[in-house]
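To keep things clear, I will list the structure first and then write my remarks on it.
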Amino acid sequence: MEPVVRIPSPIAAPLVQRLIRLPPPLPPAKPELLIAGLTTWRGADAPSTPDDVHRTAADFVHVAAEAHAAPTTELGAVVDVLTRTLLAIGELDLTDVDAVLLGPQDYARRLRGAVQGADRALSPNAAWFHDELLVAVCLHLLYHFVRRSPHIQRHMAERASRIRQLIDLNDAEAAARQPERSKEDQDFESLYAEEVERQHGWLTIVGVDLANAPDRWPLSDTYLSLEAEESSGSGVPGEPRTVLLADRVLEGPERVLLRGVAGSGKTTLIQWLAVAAAREGTRVPFVLPVRRFAREGFPAPDDFLHAIRHPLADQAPEGWVVRTLLAGRAMLLVDGIDEAPEGTRAELRKQLRRLLRIFSGNGCLVTSRPSAVEDGWLAQERLAEEGFKELSLRPMSRDQVTRFIHDWHAAAMSDEQCKEQAERDKLKEYEQRLLHSVRIYRELRQLATNPLMCGLICALNRDRSGSLPKGRKELYDAALEMLLQRRDPERDVLYADDVRLQQGPRELLLRKLAHAMVEEGVSELPRQRVISILDGALPAIPSARAEGDGEKIFHHLLQRTGLLRQQSGGLSVDFIHRTFQDYLAAKEIVARGKLRTLVEHAHRAEWEEVIRMAAAHARPEECADFLERLLAAAPNLRRPHVNHRRLMAAACLEHVTELDPEVQQLVHRRTKNLVRPTTELAARSLGWVGPIVLEQLPDPEQVPDDQQALLLAITATRVQDDAAIDYLARMRDRKSLSIRMELARPWRHFDTERYAREIIAHLDPIGLYYPVADTAELAALRQLGGRPWIQLVGVMPTEELLDGLELEQLTHLWVTAELADTDMSWLSRFPNLSVLRVNPRLPRVRNVPEGVTITS
């Protein structure tokens, strides 16, 4: 007999997994499993509690009540009764085979019999709803047992087939009962999709602002598909992680936490995903910038649009967002969890998890700066289906940098925006100069690793006719000069308004706004608050005061600097990028003589960029005092925070231009013992400190233990400065495969030819897969005569692989990066290829040539 209450299996399956653990492997002699032993709330290692069962019961009731005539006034009582009934699963002496033999109706009766009288307090309608819902839950439990047991599938084929048929009928009926979208919902969804494209379908390309040219360009013309890698690998040191195209992150895992440094392209990726979903119409994207609601908490679905101040918020049909979530058609794009105050993040996480438990089946992407949340921050605490796959945006490869530079200049030279051939010829010359400079100058190569910095470099290269600053501070100084001083004259908009301000007062006023945002722990301010800050600052800046009041100056800064933007509805204001906010705030803090106040924030990840840039701006005496205070004892802080402060002091040295040598030595002495990593995680985390770490690491030739040497290699490869090549070269003769794998892994971050010559060429090839991420590495390996074992750790077209790999040499190919095409017939060109290894988390490959063994 079929269940009357129906729950679609995509929604029911993750709820069942909260109740039943995965069974252990069974010997053939013991084909049955006691169900009580599989429950998630029993036993010393139980991952959940009866309270979790209550939450699961509530989710079952909520889902079923939406599609059936449930007694709404008694739903709480039904949840309580269903909880007691589900807990009886752990009391009955039944095996999975017994349950399948009973079928969903009789299994439900056995469970009800174990809690006799539990439903007496329910009205007849509520009792009926509970009983029918229990049958539906039992059907999905049995389906879970069938799927997990080869014994049931082989020896109880008829029963297994019947349960599958019931599931299919259940899903078909559930789909038929799903109410069709009303015309009102459909019309609004079309309007909403158009608004998504209008809001997010454009990309600001820094500095492409020629005379009469727009400040923004179509996202579809300029979007660069970046790569993302798993935040945790297989556990084998040196083994590469699975690499995916970032714009496909929601095609596989339903939930993703994506980390990326400032300017790495997180927000642009969200724009791309939102626009793509809106155009395809298969999912409804909800772009949810955390800064809009961080202090109030994660909004309820009905409040999504109002919380982000969406222009169509008042036009949405009542309940439209909830109906979209219930249908599993939503894509939640939660941008910038790091922009919430640290004290509110745990509550935001709890609220988001609850939302996704209730509305399972919807895609969700959460972005953050790397250090703002720890590993596993959104992973499950108890139950697997609540977990997020964790990925990190990779730095742009050399091939991607080249493409970005080409696309940037192509946009600038488009016929509509740059009609003069002489100007186009100039831009082509600047492009070639820049491509040459990025290849040969280490400083530029290190900076050009994300879209924001690449855009700045392209703009400054053009602005300065091919003459570029080298350091990060100098780069931002030059960018501000370009945007605040040269931007308007070059665009022939000298008289767009009647406010006449030079770079100095413009920057001063922007610094006041940035400082207020940092002090208040926010990334945007209400419009009236901005005007109030400007009104308060104007009396001390005569040249600005003479031009008007705060309202007038605000409009000038908004329209003429290119650094501010007004959010939808005009109610709030933020900087075009958080990096500019941090940089300007740091400059203001130093100008106010408040550098010391940063010490109390030095253990907090969201202040790292402010602190580094403040140290770069500080005068030598100020900087020395600041670093000494960072190094001083702090009895009120826990040891990890004290260590973080000291490492922060070491990181500041990279940006300081002048400093007392005694203070430099003090930093070295106080951090010396902190650069002896004892775990792989600790070794990786030292990389952000910079090249100073290399001066304090022990001589690897004096470290006989391979495990300790491996940790040193992990630290040195994360420094990503060519100075690390000299250090790593002293490990190149080690026989340990883990060390050789680690030495081979990171050469995409260094000068390719030098790293190939000094490291790669000397590694013992036995058992070692050589990773290649781009065409430069392919070419370098060809110069070395090729290698028989190759790993693909970057996304490359098939044609480039055929051109770069040695046809006769290749015997083993390991694919850890997503392929542009899963058709592998091209491998027939490699006559000696015998093994193709493909990470199981990548899409399944096809048309593998005969004679090639596929492994994972």
Side-chain angles (χ1 to χ4, degrees), residues 232-241 375 442 446 631 639-640 642-651 653-654 664-752 754-771 784 787 789 791 793:
S232 59
S234 63
V236 179
E239 185 168 323
R241 302 162 183 177
D375 286 347
R442 178 182 59 86
Q446 287 180 317
L631 297 169
R639 172 62 60 181
V642 173
N643 290 344
H644 191 102
R645 275 191 182 186
R646 293 177 177 175
L647 290 174
M648 196 73 243
L653 290 186
E654 184 180 355
Q664 295 182 44
Q665 290 302 316
L666 178 64
V667 174
H668 286 204
R669 288 196 304 272
R670 292 288 177 85
T671 57
K672 184 176 182 179
N673 292 329
L674 299 180
V675 288
R676 299 293 189 276
T678 57
T679 66
E680 184 178 346
L681 178 61
R684 290 199 308 268
S685 67
L686 288 176
W688 66 271
V689 175
I692 186 176
V693 170
L694 299 171
E695 301 173 23
Q696 303 186 53
L697 292 177
D699 184 345
E701 294 176 345
Q702 304 302 315
V703 179
D705 180 65
D706 277 347
Q707 181 58 31
Q708 184 59 40
L710 172 61
L711 294 176
L712 295 175
I714 291 172
T715 296
T717 55
R718 264 67 179 187
V719 171
Q720 296 182 13
D721 185 288
D722 283 350
I725 297 178
D726 295 323
Y727 186 89
L728 294 169
R730 288 180 288 185
M731 297 192 206
R732 66 192 185 189
D733 295 327
R734 295 256 183 177
K735 297 301 180 184
S736 163
L737 178 60
S738 293
I739 293 176
R740 287 183 287 133
M741 290 171 68
E742 179 58 33
L743 294 180
R745 179 193 60 79
W747 61 323
R748 70 197 300 262
H749 303 301
F750 300 94
D751 178 89
T752 307
R754 183 185 169 198
Y755 200 92
R757 185 173 63 251
E758 298 187 24
I759 306 289
I760 298 296
H762 298 268
L763 298 177
D764 184 348
I766 297 177
L768 176 63
Y769 280 94
Y770 288 80
L784 297 177
R787 290 294 186 272
W789 291 30
Q791 288 174 327
V793 298

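Numbers here are sequence positions counted from 1.
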Supply the atom-to-atom distance L763 CG to M731 CE, rounded to the nearest 0.5 angstrom.
12.0 Å

For a salt bridge (charged side-chain N to carboxylate O under 4.0 Å, His left out) check, start with the C-alpha distance between R718 and E742, then their side-chain angles and the critical distance, and finish with the verdict.
CA-CA 10 Å; R718 264 67 179 187; E742 179 58 33; 2.8 Å; yes

Side-chain (W747) to main-chain (I759) donor-acceptor, under 3.5 angstrom:
no

Could you state the interatomic distance from CG (D764) to CG (D733), rounded to the nearest 0.5 Å?
9.5 Å

For T671 and A650, indicate whether the former's side chain and the latter's backbone hold a donor-acceptor pair under 3.5 Å.
no

Can you tell me if R645 uses its side chain to pair, donor with acceptor, with the backbone of L631 under 3.5 Å?
no

Who pairs with D726 by salt bridge (charged side-chain N to carboxylate O under 4.0 Å, His left out), at least two apart in sequence or on another chain?
R754

Would you name the heavy atoms of A744 and P771 that are closest together and state the gap between them?
O-CG, 3.1 Å

Working to the nearest 0.5 Å, report the span between CD of E680 and CD of Q707.
8.5 Å

To the nearest 0.5 Å, how far apart are NE2 in H762 and CG in L743?
12.0 Å

Results of side-chain contact (heavy atoms from CB on, under 4.5 Å) for R730 - residues two or more places apart only
D699, P700, E701, Y727

Is it the case that the side chain of T752 and the backbone of R748 share a donor-acceptor pair, with hydrogens and angles ignored and the cut-off at 3.5 Å?
no

Keeping R670 on the side-chain end and R646 on the backbone end, is there a donor-acceptor pair under 3.5 Å?
no

Rounded to the nearest 0.5 Å, what separates atom CG in D706 from atom OG in S738?
8.5 Å

Nearest non-hydrogen partners of A729 and R732, listed with the distance:
O-CG, 3.1 Å

Can you name the nearest heavy-atom pair linking A724 to A716, along with the distance?
CB-O, 3.5 Å

Are the side chains of L768 and W789 in touch, meaning some heavy atoms are under 4.5 Å apart?
no

For R740 and K735, indicate whether the former's side chain and the latter's backbone hold a donor-acceptor pair under 3.5 Å.
yes

What are the two closest heavy atoms between A683 and T715, and how far apart are they?
O-OG1, 3.1 Å

I want to check something: taking the side chain as every heavy atom from C-beta on, are L712 and P698 in contact at a cut-off of under 4.5 Å?
yes

Spacing of CD1 belonging to I725 relative to CG belonging to D751, to within rounding of 0.5 Å
6.0 Å

